[in-house]
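Since the structure comes first, as structure tokens, the remarks are kept for the end.
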Amino acid sequence: MANVLTRGDIISVDGMYRRLQSMLGDVVPDVELWYKAGLACEINRLKEERNAVILGHNYMEPALFFSVTDFRGDSLELCYKARQTDKDIIVFCGVRFMAETAKILNPSKTVLLPSLKAECSLAGSITAGDVRRLRDRFPGVPVVTYVNTYADVKAESDICCTSSNAARVVNSLDSEAVIFLPDEFLARNVARETGKHIIFPTTGELSDREVELDYQLIGWRGRCEVHEKFTLEDILNVRKQFPDVIILAHPECSPEVVEASDFCGSTSAMAQYVKQTSAPRYLLLTECAMGDNIAAANPEKKMLRLCSVRCPHMNQITLENTLEALQSGRHVIDLPQDTIQRASRAVERMIAVS
Ligand code: 13P
Ligand code: SF4
């Protein structure tokens, strides 16, 4: 650990330590804060040298989140930042589909993802071939895909959406039916919000029942392996012990969980909600690191934790591999030109609607 401290400028390491200490000193021991301050200073020095920008998703662990990211936010906010940047390199502290979206929106830039293990169960739940097969089964029906998909799936889509604009995107389409992929729970939540009837077609030929149904949304059974784990029972148990708690759920949670919560929104919408309200205590039903970040930014607020559920993909991104990404220029996100062109139509169309 001491090694890293000597590499950077000791004064800036000291300043970084004090910054992290003021936010995390109650929960992170000094030895770790010094270690991370040293890594962060070296990252920031290299960032300047390489003319890079670091984008950090709200799920990044607190020390990384507050020390090296130039912009922090939810998927939609980071799309805007990736699109706007004039830096040569974008280091994406998030998961692969997010780094791909940055490449799609700003293809002349070098986009680096610090770990190739940073994937996503939703993005892995559907392929471009699946989308083409759905189009064949439902000819003429427009396809909306959640940004939590890989570039080749976006390329098969008419328009993308994020957790913060899904219902708006669906409503923007002048169509009686919409294919909405791949998150089952987000689709069910959108159906609830927009009053639409949803079906999940079985594979193979459409059954008579499906043909007869007056469907308006056609979903897919992809799940977020993190948000699917929160249950109604969790909420009832927490409310029993803390009747004054305000519960915030991400729209990737099941409709039962969303309905029993007090607020539902994107990761940034949840952070804003906590910042702007003054409840006795809050519980976030989402990746646990975000609760740590909100607690650090709002020390006067009480945050309850349900931290047995972590995103194994987001957790792959560390200060260590972010430093390696800048040192050795890895891992470069490379996409076929044709995929970029087709996917960018779907993402840009979403941005126009947002
Ligand atoms: P947000 O767009 O709300 O940040 O969500 C991204 C995500 O992967 C949630 O699991
Ligand atoms: Fe994917 Fe869920 Fe992890 Fe978000 S929290 S990156 S949706 S697996």
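For ligands, and for the atoms within them, numbers begin at 1 and follow the listed sequence.
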(request) Pull out every atom of ligand 2 sitting under 4.0 Å from any heavy atom of N148, numbered as shown with elements. (result) 7 (S)

(request) May I ask you to identify, for T162, whether its side chain, its backbone, both or neither come under 4.0 Å of ligand 1 on a heavy-atom basis? (result) neither

(message) For N58, state whether at least one heavy atom is located under 4.0 Å from any atom of ligand 1.
(response) no

(message) Just to confirm my output: which protein heavy-atom neighbour is closest to atom 3 (Fe) of ligand 2, and how far is it?
(response) C311 SG, 2.4 Å

(message) Check this for me: does any side-chain nitrogen of one of R310 and E61 sit under 4.0 Å from a carboxylate oxygen of the other?
(response) no

(request) Answer yes when R223 and D183 have at least one side-chain N-carboxylate O distance shorter than 4.0 Å, and no when they do not. (result) no

(request) Tell me which protein heavy atom sits closest to atom 2 (Fe) of ligand 2, plus the residue, atom name and distance to 0.1 Å. (result) C224 SG, 2.3 Å

(request) Assign the ring pair Y282 / Y273 to parallel, tilted or perpendicular, where the plane angle (0 to 90°) is split at 30° and 60°. (result) perpendicular

(message) Could you report the tightest heavy-atom contact between H57 and G94, atom names first, then the distance?
(response) CB-CA, 4.4 Å

(request) Could you tell me whether K229 and E225 make a salt bridge, using a distance below 4.0 angstrom between a side-chain N and a carboxylate O? (result) no

(request) Check whether any N or O atom of H57, backbone or side chain, sits under 3.5 Å from an N or O atom of ligand 1, and answer yes or no. (result) yes

(request) With heavy atoms of S75 as the reference, note each atom of ligand 1 found under 4.0 Å away. (result) 1 (P), 2 (O), 4 (O), 5 (O), 6 (C)

(request) Would you mind listing which atoms of ligand 1 come within a distance below 4.0 Å of any non-hydrogen atom of S266? (result) 3 (O)

(message) If the threshold is 4.0 Å, N to carboxylate O, is there a salt bridge linking R221 and E184?
(response) yes

(message) Please work out, at 4.0 Å between heavy atoms, whether the side chain, the backbone, both, or neither of E287 comes within that distance of ligand 1.
(response) neither

(request) Taking only heavy atoms of H227 into account, list the atoms of ligand 1 that are under 4.0 Å away from them. (result) 10 (O)

(message) Counting neighbours of CG on D26 that are heavy atoms of other residues, nucleotides or ligands and sit closer than 6.0 Å, is the number greater than 12?
(response) no

(request) May I ask you to identify the nearest protein heavy atom to atom 1 (Fe) of ligand 2, giving residue, atom name and distance to one decimal place in Å? (result) C120 SG, 2.4 Å

(request) Tell me which part of L76 gets within contact of ligand 1: side chain, backbone, both or neither, using heavy atoms under 4.0 Å. (result) neither

